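Fair warning: this is a prediction, and the values are worked out from it, not measured in the lab.
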Amino acid sequence: QVQLMESGGGSAQPGGSLNMSCRISGYTSRTNCMGWFRQAPGKEREMVARIYTYVPTGTRFYGGSVEGRFTISQDHDKQTIYLQMNNLKPEDTGVYYCAADVSLGSACRNTDFDYWGQGTQVTVSS
């Protein structure tokens with residue numbers, strides 16, 4: 001059974017930092033890409049960041065609201081991705097989901113993700 005194991009997140013004050021990690025288990029092949037999405041109360045889910053994981057130096061993409069503040073990275077051997085969140089803002093509050101696209105060669109669009117984590121709460125408030 002394929003699972004995405006998330007850890008990290010939590011609470012921070014505005015301007016603070018948090019980090020998260022996500023490891024895929026139960027899947028022995030190479031994933032195509034992995035990413036982070038988030039959903040705030042009353043809002044649609046949005047892409048935060050994604051990274052091509054079929055190679056160690058895969059291209060990264062960011063949502064406009066986090067670019068320059070968040071960094072996605074990977075440990076290729078461990079099939080794990082990380083999200084470093086700096087200069088957090090209250091509008092970063094939400095449930096963050098890790099996701100994996102296992103179809104090699106796909107475009108890694110938001111609709112291409114096959115597996116999802118359980119979600120982790122991130123709260124930014126003073």
Side-chain angles (χ1 to χ4, degrees):
Q1 181 181 0
V2 178
Q3 288 185 310
L4 294 176
M5 312 298 290
E6 302 169 358
S7 64
S11 299
Q13 293 186 340
S17 298
L18 290 171
N19 58 72
M20 302 180 66
S21 67
C22 174
R23 179 179 62 84
I24 189 167
S25 66
Y27 190 77
T28 57
S29 299
R30 182 63 58 190
T31 55
N32 182 57
C33 68
M34 295 179 70
W36 294 97
F37 293 75
R38 69 185 181 190
Q39 187 165 22
K43 295 188 176 180
E44 293 187 354
R45 186 172 61 192
E46 64 172 337
M47 192 277 292
V48 174
R50 64 185 191 271
I51 183 170
Y52 281 102
T53 48
Y54 64 89
V55 291
T57 56
T59 306
R60 314 174 193 191
F61 301 90
Y62 296 95
S65 63
V66 306
E67 192 153 17
R69 300 188 296 121
F70 290 12
T71 302
I72 189 170
S73 61
Q74 66 168 311
D75 185 322
H76 188 67
D77 291 339
K78 295 181 180 179
Q79 296 224 78
T80 299
I81 62 169
Y82 306 92
L83 186 67
Q84 177 65 42
M85 301 179 284
N86 296 330
N87 191 20
L88 285 162
K89 303 177 180 181
E91 50 264 42
D92 293 319
T93 294
V95 178
Y96 283 65
Y97 298 90
C98 174
D101 167 11
V102 300
S103 300
L104 295 182
S106 82
C108 196
R109 297 164 298 186
N110 292 354
T111 54
D112 288 330
F113 288 86
D114 305 289
Y115 299 102
W116 294 83
Q118 77 282 2
T120 301
Q121 180 68 41
V122 169
T123 302
V124 183
S125 68
S126 54

Would you call [X] and [Y] a side-chain contact if the rule is heavy atoms closer than 4.5 Å?
X	Y	value
Cys22	Tyr82	no
Phe70	Leu88	yes
Ser11	Ser125	no
Gln79	Arg30	yes
Thr71	Tyr62	yes
Cys98	Ile81	yes

According to the disulfide (SG to SG under 2.5 Å) rule, which pairs have a member within residues 52-97, sequence neighbours left out?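 Those involving residues 52-97 do not exist here.
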Rounded at 0.5 Å granularity, tell me how far OG1 in Thr120 sits from CZ in Arg38.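 The CZ atom of Arg38 is 14.5 Å from OG1 of Thr120, to the nearest 0.5 Å.
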Are Thr31 and Thr53 linked by a side-chain donor-acceptor pair shorter than 3.5 Å?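 The criterion, which ignores hydrogens and geometry beyond distance, is satisfied for Thr53 and Thr31.
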Whether Asn86 side chain and Ser17 backbone form a donor-acceptor pair below 3.5 Å: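 Flag not set: sc Asn86 to bb Ser17 has no pair under 3.5 Å.
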Consider side chain to side chain donor-acceptor pair (under 3.5 Å). Of Asp114, Asn32, Thr111, which one does Ser106 pass it with?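 Result for side chain to side chain donor-acceptor pair (under 3.5 Å) with Ser106: Asn32.
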At their closest point, which heavy atom of Asn87 faces which heavy atom of Arg69, and how far apart are they?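 Looking at all heavy atoms of both residues, the shortest contact is O-NH1, 2.9 Å.
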